[in-house]
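Remember, it's 1-based here, ligands and their atoms both numbered in the order they're listed. In what follows, residues are counted from 1 in the order of the sequence shown.
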Amino acid sequence: MIDQRCCNDCETCIEVCPDVFFHNEETHTIEIADLHSYPVEKVEKAINMCPGDCIYWESG
Ligand code: SF4
C-alpha cells in the first residue's frame, strides 16, 4: 500500500522497483501493480528509500 497523503511523487520507488510501482497517468498518483507475488527485496528497498515512509505492506 502507498499512503497517498505523504507521497510527494518523487518516483524513487519506481526507480528502485519498476515492476511494482508505477505512475497512474489518470489519477497522477503512484500506484502498485496487482501482482501474484512481489519481489520482496526490491519492495523492501523502496520502503527504506521512500523519503516520506509512505509505503507499507498490506496485511492479510
Ligand atoms: S518513494 Fe515514496 S514519496 Fe516517492 S513516489 Fe514512491 S511512495 Fe511516493
From the list I47, D3, T12, side chain to side chain contact (heavy atoms under 4.5 Å, CB included) partner of I55 resolves to I47
Give me the atom names and distance for the closest heavy-atom approach of C6 to G52. SG-O, 3.6 Å
Is it the side chain (CB and beyond), the backbone, both or neither of I14 that lies under 4.0 Å from ligand 1, heavy atoms counted? neither
Restricting to N/O/S atoms, is C54 within less than 2.8 Å of atom 6 (Fe) of ligand 1 or not? no
Nearest neighbour in protein (non-hydrogen) for atom 7 (S) of ligand 1: I55 CG1, 3.7 Å
Judged by atom type as modelled, is there a donor-acceptor pair below 3.5 Å linking the side chain of Q4 to the main-chain atoms of I30? yes
Atom 8 (Fe) of ligand 1 [closest protein heavy-atom partner, distance rounded to 0.1 Å]: C7 SG, 2.4 Å
Where does M49 meet ligand 1, judged by heavy-atom distances below 4.0 Å: at the side chain, the backbone, both, or neither? neither
Main chain of A33, side chain of Y38: is a donor-acceptor contact present, judged purely on distance under 3.5 Å? yes
Quick note on ligand 1: atoms under 4.0 Å from a heavy atom of E11 include exactly 4 (Fe), 5 (S)
Protein contact of atom 4 (Fe) of ligand 1 - nearest heavy atom, named by residue and atom, plus distance: C10 SG, 2.3 Å
Between W57 and E44, does the side-chain contact (heavy atoms from CB on, under 4.5 Å) criterion hold? Intermediate values first, please. CA-CA 9 Å; W57 292 104; E44 289 287 350; 3.0 Å; yes
Search all heavy atoms of I32 against all heavy atoms of M1 and return the closest pair with its distance. CD1-N, 3.5 Å
Might you work through the side-chain contact (heavy atoms from CB on, under 4.5 Å) test for H23 and E31, ending with a clear yes or no? CA-CA 6 Å; H23 190 256; E31 296 192 3; over 6 Å; no
Just checking: C50, one of its N/O/S atoms, less than 2.8 Å away from atom 4 (Fe) of ligand 1, yes or no? no
Should T29 and C7 count as side-chain neighbours, where that means a heavy-atom distance under 4.5 Å? no
Nearest to atom 6 (Fe) of ligand 1, what protein heavy atom do you find, and at what distance? C13 SG, 2.3 Å
What atoms of ligand 1 come within less than 4.0 Å of a heavy atom belonging to I30? 5 (S)
What protein heavy atom sits nearest atom 3 (S) of ligand 1, and how far away is it? N8 OD1, 3.3 Å
